[in-house]
Number of protein chains: 2
Amino acid sequence: MSSELPDKKRISESTIHRLSMYFRTLSLLQKEGYETVSSKELAKREKLTPAQVRKDLSFFGSFGTRGLGYDVVELKAKIGEILGIDRHWKVAVIGIGNIGSALVSYKEFSRQGFHIEKLFDNDQRKIGSNHKGIVVSDIKNLEKEIAEDGIEMVIITVPATVAQYMVDDVVRAGVKAILNFAPINLKVPSHVYLRNENMSMELEYLSFAIVNNHTPKNMK
Amino acid sequence: MSSELPDKKRISESTIHRLSMYFRTLSLLQKEGYETVSSKELAKREKLTPAQVRKDLSFFGSFGTRGLGYDVVELKAKIGEILGIDRHWKVAVIGIGNIGSALVSYKEFSRQGFHIEKLFDNDQRKIGSNHKGIVVSDIKNLEKEIAEDGIEMVIITVPATVAQYMVDDVVRAGVKAILNFAPINLKVPSHVYLRNENMSMELEYLSFAIVNNHTPKNMK
DNA sequence: TTATTCATGTGAAATGCTTCACAAGAAATT
DNA sequence: AATTTCTTGTGAAGCATTTCACATGAATAA
Ligand SMILES: NC(=O)c1ccc[n+]([C@@H]2O[C@H](COP(=O)([O-])OP(=O)(O)OC[C@H]3O[C@@H](n4cnc5c(N)ncnc54)[C@H](O)[C@@H]3O)[C@@H](O)[C@H]2O)c1
Ligand SMILES: NC(=O)c1ccc[n+]([C@@H]2O[C@H](COP(=O)([O-])OP(=O)(O)OC[C@H]3O[C@@H](n4cnc5c(N)ncnc54)[C@H](O)[C@@H]3O)[C@@H](O)[C@H]2O)c1
């Protein structure tokens with residue numbers, strides 16, 4: 001809050017992903033009883049260079065102590081703040097099928113601040129049913145309920161053929177970010193953030209690697 | 001096969017991911033009745049520059065016709081060959097819980113050459129049960145059955161606490177690639193390829209973007 | 001107190017990736 | 001047949017990211 005991020009618009013996607021990795025590893029270090037950790041140790045666990053770790057952090061401030069390293073609890077809190085996971089995010093899942101219901105039952109999300117509070121489907125057998133304490137709403141009320149509840153993030157797990165309609169609806173309802181599992185290129189206005197989760201792509205990467213004996217520098 | 005890839009070890013991860021995207025879009029173009037496509041049109045659909053599309057393809061050969069573009073069917077076949085999805089991959093899923101069973105019921109994978117042929121779990125209620133025509137095997141037989149069946153890829157959907165044991169087993173059994181859903185840094189020998197699917201990371205990216213008003217060049 | 005050790009934070013260099021710009025070649029047009 | 005139009009394929013330039021290398025400063029030990 002107090003100290004503004006320097007040039008925060010230019011932070012790379014890779015840096016943000018690495019911050020997520022540091023956060024998870026810091027949680028682990030905390031459990032293991034470490035009080036401090038060096039960029040060297042953190043780098044070793046992530047298979048990165050110590051310079052990379054320090055550079056990533058340096059975009060956001062100076063969090064370490066020379067000669068000692070970083071305070072585990074403090075750095076974890078700081079990264080949580082940077083990532084915005086020190087707050088309560090209201091999330092809805094649209095399409096309570098195979099993947100959708102798997103996500104709903106995943107407890108780890110709420111521990112990271114992502115609280116699934118609304119579920120939607122168009123299947124009469126699913127509407128009204130209870131998943132982990134949440135009753136599935138009729139998709140007809142999508143826009144209205146999302147807006148009323150102040151949902152900020154939406155996870156799309158409907159068939160690709162209807163995904164764009166869902167997006168158009170939730171965008172109108174004021175949603176700020178969408179995580180999409182349908183294998184299709186969705187259109188969103190520039191003020192809405194969109195990420196795609198594509199499992200086929202990862203399998204294809206592995207296939208390519210095997211067939212071509214691929215040995216890249218960073219096999220993330 | 002005949003024409004060897006030029007310096008194929010140095011192809012970037014991004015290029016390979018984009019090849020997957022081109023492949024999917026070419027399938028769509030084919031359905032829409034297009035016979036040819038230009039780098040300009042392909043780029044527009046992926047929100048890339050035409051130069052990027054041409055450069056990506058140029059690493060693997062010359063597939064286009066000047067003044068005309070690329071033959072949709074031909075280019076799709078060529079990319080399929082490059083990615084290694086023009087063949088039959090034997091895949092096993094380890095851990096038939098929420099995510100694992102969602103993956104098993106996903107038909108799209110087999111259309112891309114990834115055939116899930118073995119399922120494993122340690123839960124007596126699940127062992128012997130039938131998922132989409134496949135009977136769940138006892139995890140005790142993991143190494144033996146993977147080796148016997150010649151499974152080359154494995155998807156890990158067990159709790160993080162036991163994921164490394166599964167990896168060690170399947171590595172011994174000769175598996176070449178692993179797609180891991182457990183939120184943990186797994187160790188594999190250098191001849192085995194590993195990719196991690198991490199949904200929390202994507203939600204965290206969205207959280208960061210909202211909180212910081214992030215506007216990167218490439219929001220993939 | 002002073003010396004030594006350790007590890008950060010950061011400009012600068014090195015490396016990697018994307019875009020530019022244009023020659024070359026194929027198709028369509030006159 | 002010649003000309004125009006179109007789009008590829010690719011060195012080179014431009015930009016972005018990673019790594020190097022070291023001055024700086026804190027902690028620890030003597
Ligand atoms: N299952 C997987 O492992 C997997 C993997 C990768 C991608 N995906 C993608 O995720 C999406 C969901 O996959 P799935 O396997 O869970 O499918 P699914 O058919 O099990 O689930 C889809 C759900 O969406 C609901 N739905 C359909 N039309 C709707 C509409 N108009 N409004 C509201 N709800 C509607 C259905 O009732 C169903 O509950 C698909 O786009 C799929 O391609 C799935
Ligand atoms: N469900 C999600 O949406 C989600 C999202 C992201 C990541 N993940 C990760 O995916 C993994 C699976 O998640 P899930 O929600 O499907 O959990 P789950 O508990 O539903 O499934 C885990 C399965 O693994 C089996 N298992 C446990 N120990 C085993 C062993 N030693 N050998 C063989 N099988 C064993 C269990 O019997 C169960 O069927 C976890 O690591 C989780 O963190 C899940």
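This one's a predicted model, so the numbers in the text were calculated from it and none came from an experiment. Naming: A, B, ... by sequence-line order, numbering from 1 per chain.
With sequence neighbours excluded, the residues that form a salt bridge (Lys or Arg N to Asp or Glu O under 4.0 Å) with A:E108 are A:R111. Listed by chain and residue number, A:E152 satisfy the salt bridge (Lys or Arg N to Asp or Glu O under 4.0 Å) test with A:K176 (two or more places apart in sequence, or in another chain). Among residues two or more places apart in sequence or in another chain, the side chain to side chain donor-acceptor pair (under 3.5 Å) test is passed with B:D168 by B:Q164. Annotation: ring-ring contact (aromatic ring centres under 6.0 Å, His included) contacts of B:Y106 (sequence neighbours excluded): B:F109. Every side chain to side chain donor-acceptor pair (under 3.5 Å) that A:D169 has, sequence neighbours left out, goes to A:R172. Every residue two or more places apart in sequence or in another chain was checked for a salt bridge (Lys or Arg N to Asp or Glu O under 4.0 Å) with B:E197, and none qualifies.
Note on A:T49: a side-chain N or O is less than 4.0 Å away from OP1 or OP2 of D:dT19.
Among residue pairs with one or both ends in residues 27-43 of chain A, those qualifying as salt bridge (Lys or Arg N to Asp or Glu O under 4.0 Å) are A:E32-A:R45, A:E41-A:R45; sequence neighbours excluded. Screening residues 56-76 of chain B for salt bridge (Lys or Arg N to Asp or Glu O under 4.0 Å) gives B:R18-B:D56 as the qualifying pairs, with residues at least two apart or on separate chains. Applying the salt bridge (Lys or Arg N to Asp or Glu O under 4.0 Å) test to residues at least two apart or on different chains, the pairs with a partner in residues 198-212 of chain A are A:E202-B:R195.
Picking from C:dA26, D:dT10, C:dG9 the nucleotide with the shortest atom distance to the side chain of A:S62 gives C:dG9.
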Set out, line by line, the N/O atom pairs under 3.5 Å between protein and nucleotides 22-24 of chain D.
unit_1: D:dT24; atom_1: O2; unit_2: A:R66; atom_2: NE; d: 2.6

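Within residues 26-44 of chain B, no residue has any heavy atom under 4.0 Å from DNA chain C. For residues 69-76 of chain A, proximity to DNA chain C is found at A:G69, A:Y70, defined as any non-hydrogen atom under 4.0 angstrom from a strand atom.
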